[in-house]
**Q** 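This is the structure I have questions about; it appears just below.
When reading the values below, keep in mind they use all heavy atoms of this one structure, side chains included, and skip hydrogens, waters and symmetry mates.
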Amino acid sequence: MLKYEGRAGWAIIFGRLLVGWMETHPEEMQDVDYGVGNPTHTGRQPIQHIEAIMDAAYTEDMTRALPPSARQAATDW
C-alpha cells in the first residue's frame with residue numbers, strides 16, 4: 001500500500017528499497033545503464049505512485065543510475 005491515511009510516505013521507503021537492491025546486486029546491474037519506471041496514467045489521483053517512488057529512488061541514488069523525473073530533470077540535469 002503506497003498511500004496510507006492520505007499520506008504517501010511509503011514512496012520514500014520503496015524508493016530506498018529499489019536503490020538498495022540495485023546496490024546489493026551489482027552483478028545483475030552491470031549491463032544496466034539506468035532504470036526507468038513505467039509512467040502512471042496522468043489522470044491517476046491523488047498520487048502518481050510510480051513517479052513518487054522513482055523521485056524517492058533518485059534522491060537516494062548516489063551513483064545517479066536512475067534518471068530524474070520530469071520535475072527533477074528541469075533542475076538537476
Side-chain angles (χ1 to χ4, degrees):
M1 167 183 339
L2 180 66
K3 187 174 82 77
Y4 184 73
E5 294 181 354
R7 292 180 281 173
W10 284 97
I12 296 167
I13 294 167
F14 292 145
R16 288 178 180 162
L17 288 171
L18 175 61
V19 172
W21 185 90
M22 291 182 351
E23 290 175 348
T24 59
H25 293 82
E27 68 284 352
E28 295 190 44
M29 294 299 299
Q30 66 185 357
D31 293 329
V32 177
D33 294 324
Y34 57 90
V36 178
N38 187 28
T40 308
H41 183 274
T42 57
R44 182 175 173 97
Q45 295 300 322
I47 185 172
Q48 291 185 295
H49 61 292
I50 299 301
E51 289 77 2
I53 292 168
M54 294 299 288
D55 285 350
Y58 177 77
T59 300
E60 295 293 319
D61 179 22
M62 296 300 136
T63 65
R64 292 297 180 242
L66 292 167
S69 68
R71 291 183 295 255
Q72 294 161 329
T75 59
D76 289 355
W77 274 20

**Q** Which residues pass the side chain to side chain contact (heavy atoms under 4.5 Å, CB included) test with Q30, not counting sequence neighbours?
**A**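 Residues passing side chain to side chain contact (heavy atoms under 4.5 Å, CB included) with Q30: none at all.
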**Q** From E23 CD over to L18 CG, what is the distance, rounded to the nearest 0.5 angstrom?
**A**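 Nearest 0.5 Å value for the CD-CG distance: 10.0 Å.
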**Q** Got a second to check how far W21's CH2 is from M29's CE, nearest 0.5 Å?
**A**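 So the CH2 of W21 and the CE of M29 are separated by 6.5 Å.
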**Q** Write down the atom of A56, the atom of I12, and the distance for their closest heavy-atom approach.
**A**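 Reported closest heavy-atom pair: CB-CA, 3.6 Å.
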**Q** Going by side-chain hydrogen bond (donor to acceptor under 3.5 Å, both in side chains), name the residues that satisfy it together with E60, two or more places apart in sequence or in a different chain.
**A**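 Result, side-chain hydrogen bond (donor to acceptor under 3.5 Å, both in side chains) vs E60: R16.
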